[in-house]
Structures are given as C-alpha cells and as structure tokens.
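Lettering of chains follows the sequences in order, A, B, ..., and the numbering in each one begins at 1.
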Amino acid sequence: MSALISFTIYLIFVFVLAGIANRSGKDKAFVKEYFLGSRNIGLWAFAFTYAATAASGGSFMGFPSLIYTHGWVVGWWIAGYMIVPMVALGLFAKRINQVSRIAEAITVPELLRKRFNSSAVGNVATILVVFFMFFFLIAQFKAGAQIMATLLEGVEVYQSVVIAIESATQGIPWIGAADGDYLLCLIVFAVSVIIYTTYGGFRAVVWTDVMQGLVMGLGVVIMLVLTLSQVGGLSNATKQLAEMTPPEFGEFQLVTKTANAEEQRFLRGDWFATSDGQSVVRLKDTTVIPANEVRSPAFEGLRLTTPSEIEKIKAGLDSSVDIVTEVAIEPTPYAYGADTKGVYTSAPGPSQNNPMGFFTVFLAFSFFAFWNFSGAGQPSYMVRQMAYKDTVTLRRSMVMVAVYFSLIYFPLVMIFTSSRILLPGMEIHPDRVMPEMAQLLTANAGVPWLAGLLVAAPFAAVMSSVDSFLLLVSSSVVRDIYQENINPNASEKQVKRLSYCVTIALGIIGVLAVLHPPKFLQSLIVFASAGLGACFLIPMVVGLYWRRMTAAAAVAGMIAGGATILILYSIGRVKYGEFSEYLLLGFHPFIWSVVVTAAVVFIVSITGKEPDSSLQQKFFGNSKADA
Amino acid sequence: MLGTWVVFAAWTLTYNGLHAFDAEGSGQNLLWGMPRWVALGIVVPWGTGFCLTCWFALRFMKDTDLGGEESSEKPEQGEEAK
C-alpha cells in the first residue's frame with residue numbers, strides 16, 4: 001500500500017507538470033508550440049526528452065527479461081549504446097535542425113515534403129510513420145498495464161474493482177474476453193497519458209520526460225545499490241551465476257496423498273517439490289485440485305536444475321503441505337546450454353529454442369549497427385532534433401545523454417544478471433522481472449514504500465515513450481494529412497480542436513487494439529524500431545547532405561526500406577510459426593533494409609532528372625559542393 | 001561518425017568474438033566482479049566511447065548559426081495557422 005501511495009504521488013507530479021507546461025505555451029502559435037515546443041527547447045529538456053524517449057518500456061521491461069533469461073551476453077547485445085549519443089546525434093542533429101528551420105517544418109513528413117518539394121514524399125512518409133508507430137504504441141500500452149497490475153496485485157479495493165469490471169464487461173464482444181485486471185490497468189494507464197499529452201502538447205511531453213528521466217536514472221541507481229548489497233557484491237553474484245544451469249519447461253500434475261472435500265486452488269508462481277525430492281517446480285498459471293480428487297489436471301510449469309537454487313526454494317517451502325508434483329509430459333531441455341555450467345557468464349548465452357544459442361557474432365554486428373543507426377532514423381528522435389534552440393544546447397546535451405545512457409543500460413545488466421540469485425524461476429513470466437525485483441529488493445531492505453519509486457522508473461519509461469509517439473502520430477495526421485491535403489486554410493481553432501480529437505482517438509484505438517496483447521513485447525518494439533529506421537534513416541541522411549537526391553528516390557527508398565523489413569518478418573512468421581524476424585545469412589533485417597534502401601536511393605537519384613536549381617539553392621546555398 | 005562506429009564495432013566484435021565463448025573459464029576469470037571479456041570487451045570501450053563523446057561535443061564540434069526563426073508569437077484572431 002505504501003508503494004502505491006508513493007507511486008500515486010509521482011503520477012500527481014506528472015499532471016502538475018503538464019498543467020504548468022500548458023500555461024507556459026499559451027502565448028505561442030498553436031501548431032508550432034503544440035507539436036514542436038516553439039523550437040526553443042533548452043539543455044536539460046532536450047537531453048532528457050531525447051534520452052527518455054529512447055528508454056522505453058522495452059528498456060525497463062523487455063530488456064531486463066532478456067538479461068535474466070540469457071545472462072551476461074546481453075551486455076554485448078546492448079553494447080552499441082556506448083557510442084549512440086555521438087553517432088546518432090553527431091550524424092545529423094545539427095543539419096536536420098538547420099534544414100527544418102529553412103523549410104519551416106514542424107513534423108518529419110513535412111520536412112521531407114518541403115525538402116523535396118513533393119506531396120508524394122510527405123504522404124508516403126506519413127503513412128509509414130503512422131503504420132510502424134502504431135506497433136510501438138500498443139507495445140507500450142501493454143507494458144504500462146503490466147506494471148500497474150504488478151503494483152496493485154495485493155490491494156483489496158483493486159481486486160473488488162477488477163471483479164466488478166469483469167462482470168460489467170462480460171458478454172461484450174472483444175472487450176469482455178480481456179482479463180479484468182489487465183483491462184482496468186490498461187484503461188487507467190491510457191487515460192492518464194492521453195489526458196496529459198492532449199492537454200499539454202509537446203512542451204508537456206518534454207517537461208514530463210525530464211522528470212521521468214530523473215526518476216528512471218534515480219530508480220536504476222537505487223536498485224543497483226540494493227541489488228549488490230543483497231547478493232554480497234558483483235563478484236559473488238557472477239560466481240554463483242557461473243554455477244547455474246538453465247531450467248526445464250514441461251507439463252506437471254499436483255498430487256496429494258489424501259483427497260480434500262473442497263477444491264484446492266494454487267496461484268501462479270507457487271512452488272512445489274517434485275515427488276522424488278530432487279527438484280522443485282513452479283506453476284505458470286493458477287491450478288486447482290478438484291474436490292475429492294488427489295490429482296490436478298496437467299499444467300505448464302518450470303523445473304529448476306541448479307542444486308543451490310533447488311535447496312534455496314526447498315528451504316522456503318511449507319513442510320506441512322503434503323502436495324508434490326509429478327511429470328505429465330517430460331520437460332524439454334534448453335536447445336542450447338542445458339546442463340552446461342558457465343552458460344550465463346559466456347556467449348552465446350542459453351536459448352530455449354535455438355541450438356546455436358542466443359547471440360552469434362553476426363547478430364552482435366547487427367545490433368551494434370541497429371542501436372546506433374536505427375536510433376538515428378526514428379522520427380520521434382528526429383523531431384526532437386528539430387526542436388532544440390542552438391548548437392550549444394546540442395553539444396552539451398550529447399554529454400548529458402552519454403552520462404544518462406551509461407547510468408541506465410550497463411547498470412541494468414549488472415542488476416538483472418544478479419537478479420537470478422535473488423529471484424529463481426522468473427523465466428516463467430520474464431517480462432515481470434523488473435517490478436517483481438523492485439518489490440523484493442525494497443521488502444528485503446525494510447523500505448517497501450520505495451518500491452513505488454522503483455516501479456515508477458519503468459512506468460516513467462513507458463509513459464515518456466507513449467506520449468512522444470501519440471504526439472508524433474497525431475501531428476502527422478493533423479499537419480500532414482488534414483492541413484496539407486484536406487483543408488490548407490484551416491483556422492488555428494480548427495487545428496487545435498482536431499489535434500485534441502486525434503490524440504484522444506489514437507489513444508482509444510490503441511487501447512482497443514491491445515486488449516488482447518501480443519505475446520512478445522520486445523519483439524514488437526524491435527520490429528517497429530527497425531521499420532521506422534529502415535524507412536527514414538537513409539532517405540533523411542542522404543536528403544540532408546546530397547543535393548542530387550530526387551523526390552522519386554525518397555519515395556522509392558522509404559518504400560523499399562519498409563518492404564524489406566515486412567518481407568523478412570513475414571518469412572520469419574512463416575518459417576518459425578510465430579512473430580519473429582528472419583536472419584538472412586545471420587544478419588538482422590535492419591542491416592538488409594539499409595543496404596537495399598541505400599542502393600535504391602542512389603540508383604533512382606542518378607538515373608532521374610536533377611532536382612530544380614532553386615530547390616538546391618534553398619537548402620544547400622550556391623556552392624555546388626555538397627555539405 | 002562512421003569511422004568511430006567502425007572502430008568501436010571492431011573492438012567489441014573482435015575482442016568478444018575471441019574471448020566471450022569460453023563457458024568453462026568465464027566464471028573463474030573475473031575482472032571488477034564481471035567476466036573478464038565483459039570488462040575488457042564492453043566496459044573499457046564504453047568508457048573510451050564516453051570520453052570520446054565528451055571530447056567531440058565539448059572540444060571538437062563547432063557552434064553554428066542554425067538560421068532565422070519565424071516569430072513564435074500567437075497570430076491575431078482569425079489569422080491562418082499555417
């Protein structure tokens with residue numbers, strides 16, 4: 001309950017900030033203020049809004065679950081972030097700001113449209129932004145709802161509301177089939193973010209990003225200190241990790257010696273000893289032994305294989321319970337790393353399905369490129385680079401972002417490799433490891449109220465991403481579709497009203513789309529990032545620096561990039577039977593999309609007619625030498 | 001930028017490609033509490049990258065005039081927003 005109170009205080013602060021931001025922007029022209037903060041964003045705001053947008057729900061939910069599941073090798077997976085501030089911001093932050101001022105552009109599609117003087121470029125860009133960004137939105141909504149559900153799990157009032165909601169929505173198509181707790185948390189989360197984004201616009205998003213960025217940074221630092229003190233130091237944790245072997249997933253049954261007259265119900269996450277006493281099994285979902293029966297139906301579970309973990313769990317079991325587990329379907333060992341010590345402290349890391357392991361050198365190359373260049377190609381970062389006020393702000397922000405990424409990403413690797421020691425068996429629900437860990441650490445330290453702050457860190461990450469994406473998509477719809485194609489003479493009042501309506505409508509569509517959430521949060525985020533990077537990185541970089549690039553090349557490049565990602569993911573879906581990328585020759589689809597897009601942009605440009613000289617002069621001056 | 005990326009990618013890929021795949025030795029061969037390949041193949045280049053970023057941003061990169069700005073004051077009642 002104390003965690004919930006501190007979490008609520010955090011939410012109140014977010015709303016207060018949004019209110020202040022709204023008042024501070026009242027004297028500015030609406031569109032430029034609402035979508036771009038009047039191009040006057042200073043050092044702290046720019047650095048934190050850039051960093052907080054990067055650190056999404058994936059960083060605080062999906063990333064910890066990857067570290068927990070695969071060990072130290074995930075440090076290599078994220079290593080590209082060591083130079084992201086320099087490469088991503090150094091690549092074109094100065095130039096994009098300059099060109100957006102010349103073009104007087106507010107959004108990324110508008111910038112591209114004006115740079116190439118082509119409506120087709122703007123329209124294709126808008127469609128691609130809306131398409132790929134929507135996957136981002138629904139992944140973040142899912143993450144936000146999951147965090148809230150973990151925090152509220154033990155609260156009595158919450159349970160009553162969940163039951164009331166379940167009975168109220170029963171029978172309603174689509175909505176009624178969603179879990180009550182998930183539905184409630186999803187609605188509360190979505191309403192909060194939609195309100196402050198709609199009310200405050202870009203400036204509110206930036207200011208709340210600053211606060212959320214501080215909460216994230218502080219949360220990680222506190223968590224690191226608590227984790228290392230509770231595992232007895234990093235060396236001790238790594239040595240224990242080196243002795244661990246991956247668990248096994250299978251189907252089990254609960255068996256009791258004497259039948260009970262009443263049904264016996266056991267919760268998700270409960271532990272039971274195996275009938276031979278050699279191991280322990282964890283329940284994946286709620287399981288029952290029916291009345292007057294001695295055996296439950298078969299259920300999915302996880303069996304530990306590391307002796308020290310087994311002893312630790314067995315010591316905590318209630319000795320008066322005479323229920324044990326028996327194997328229903330023999331567990332399948334990991335495809336790579338089964339019974340192998342040291343698999344969590346070395347590459348390629350254990351993998352449940354891939355016999356080559358989690359991480360190959362080809363993937364290492366792919367992700368080192370992915371974090372740097374896909375990041376640079378995200379419209380949500382580009383629009384921030386259009387908003388800072390001067391180059392002093394940019395230079396100092398690069399240093400602040402570098403400090404911030406260093407404080408967030410590698411410490412998360414240290415925390416969640418160590419979390420295997422404190423929280424065994426979380427592979428059963430790996431996406432919940434972050435909030436579970438926050439609650440365990442603070443309970444062990446005797447400061448349960450602090451869990452609210454620690455859980456606020458991933459929540460802040462999710463909120464700061466959702467608000468950015470909501471605004472980006474709504475700006476594309478209002479500015480690039482409505483103002484450009486439908487009503488070029490719209491009054492400020494009309495634009496304002498439409499912007500509010502679109503932001504709210506997008507939020508509602510997002511909630512409806514994610515009522516039955518996709519299983520793989522991190523996969524969805526990587527897909528959306530790769531898609532946006534594929535569409536916009538090369539056309540934007542080349543368009544900013546090469547005067548000879550044509551509008552046809554921009555359109556062809558964006559379509560080719562998006563199509564490459566969609567094709568390789570479709571092949572992955574067919575080949576593996578689930579939402580997954582196809583690694584052609586071992587490389588991630590993003591790498592192939594960059595190669596294809598670069599080739600298409602170059603070939604179409606040099607075979608097409610040279611752009612109009614007045615357009616070249618507008619963006620590149622009189623000199624023939626490219627910038 | 002591309003040169004910087006190539007140097008750091010080569011460092012992590014080469015060092016870790018040679019040293020990270022030793023499951024037996026990784027638990028004993030620690031540096032700063034983590035497997036040695038993590039310390040030398042990720043932490044050290046990360047620190048170097050951080051220093052390089054600071055130097056690039058604070059010493060190397062030059063300030064530039066980003067160009068004129070349209071007035072951001074609120075337009076008169078009835079004036080078009082665009």
[X], part contacting chain A, at a heavy-atom distance under 4.5 Å:
| X | answer |
| --- | --- |
| B/Asp22 | backbone |
| B/Leu52 | both |
| B/Phe56 | side chain |
| B/Leu30 | side chain |

In terms of heavy-atom pairs under 4.5 Å with chain B, which of [options] leads?
| options | answer |
| --- | --- |
| A/Ala242, A/Gly349, A/Gly342 | A/Gly342 |
| A/Asn372, A/Val392, A/Thr360, A/Thr391 | A/Thr391 |
| A/Val403, A/Leu89, A/Ile83, A/Ile78 | A/Ile83 |

Selection from [options] maximising heavy-atom pairs under 4.5 Å formed with chain A:
| options | answer |
| --- | --- |
| B/Gly41, B/Cys54, B/Pro45, B/Gly47 | B/Pro45 |
| B/Leu58, B/Asn16, B/Thr48, B/Val38 | B/Asn16 |
| B/Phe8, B/Trp32, B/Trp46, B/Trp37 | B/Trp46 |

Q: For residues A/Pro348 and B/Phe21, determine if any side-chain heavy atom of one lies less than 4.5 Å from a side-chain heavy atom of the other.
A: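 A side-chain contact under 4.5 Å exists here.
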
(Q) I need the single residue from A/Val73, A/Thr345, A/Thr417 that forms a side-chain contact (heavy atoms from CB on, under 4.5 Å) with B/Pro35. Which is it? (A)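 Checked A/Val73, A/Thr345, A/Thr417 against B/Pro35; only one passes side-chain contact (heavy atoms from CB on, under 4.5 Å): A/Thr345.
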
Q.
The test is side-chain contact (heavy atoms from CB on, under 4.5 Å); show your working for A/Trp72 and B/Met34 and say whether it passes.
A. CA-CA 8 Å; A/Trp72 273 107; B/Met34 58 192 83; 3.7 Å; yes

Q) Of the non-hydrogen atoms in A/Trp76 and B/Gly17, which two are nearest, and what is the gap between them? A)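 Heavy atoms only, the tightest pair is CH2-N, 3.8 Å.
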
Q) What pair of heavy atoms forms the shortest contact from B/Gly33 to A/Ser235, and how long is it? A)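 Shortest heavy-atom contact: CA-OG, 3.2 Å.
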
How many angstroms lie between atom [atom1] of [X] and atom [atom2] of [Y], to the nearest 0.5 angstrom?
| X | Y | atom1 | atom2 | value |
| --- | --- | --- | --- | --- |
| A/Arg395 | B/Arg59 | CZ | CZ | 10.0 Å |
| A/Met82 | B/Ile42 | CE | CD1 | 6.5 Å |
| B/Thr4 | A/Met86 | OG1 | CE | 3.5 Å |
| B/Thr64 | A/Asp390 | OG1 | CG | 10.5 Å |
| A/Thr238 | B/Asn29 | OG1 | CG | 12.0 Å |

**Q.** NZ (A/Lys341) with more than 12 external heavy atoms under 6.0 Å
**A.**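 Check fails, neighbour count at 12 or below.
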
Q. Above 12 or not: heavy atoms from other molecules or residues under 6.0 Å from CZ of A/Phe362?
A.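 Counting other residues, nucleotides and ligands, CZ of A/Phe362 stays at 12 neighbours or fewer.
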
Check each atom of [X] against the heavy atoms of chain B and say whether the ones under 4.5 Å are side chain, backbone, both or neither.
| X | answer |
| --- | --- |
| A/Lys94 | both |
| A/Ala369 | both |
| A/Phe359 | backbone |

Q.
Between B/Met61 and A/Leu394, does the side-chain contact (heavy atoms from CB on, under 4.5 Å) criterion hold? Intermediate values first, please.
A. CA-CA 10 Å; B/Met61 199 173 170; A/Leu394 172 66; 3.3 Å; yes

Q: Verify the ring-centre separation between B/Trp5 and A/Phe365: is it less than 6.0 angstrom?
A: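 Centroid separation for A/Phe365 and B/Trp5: below 6.0 Å.
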
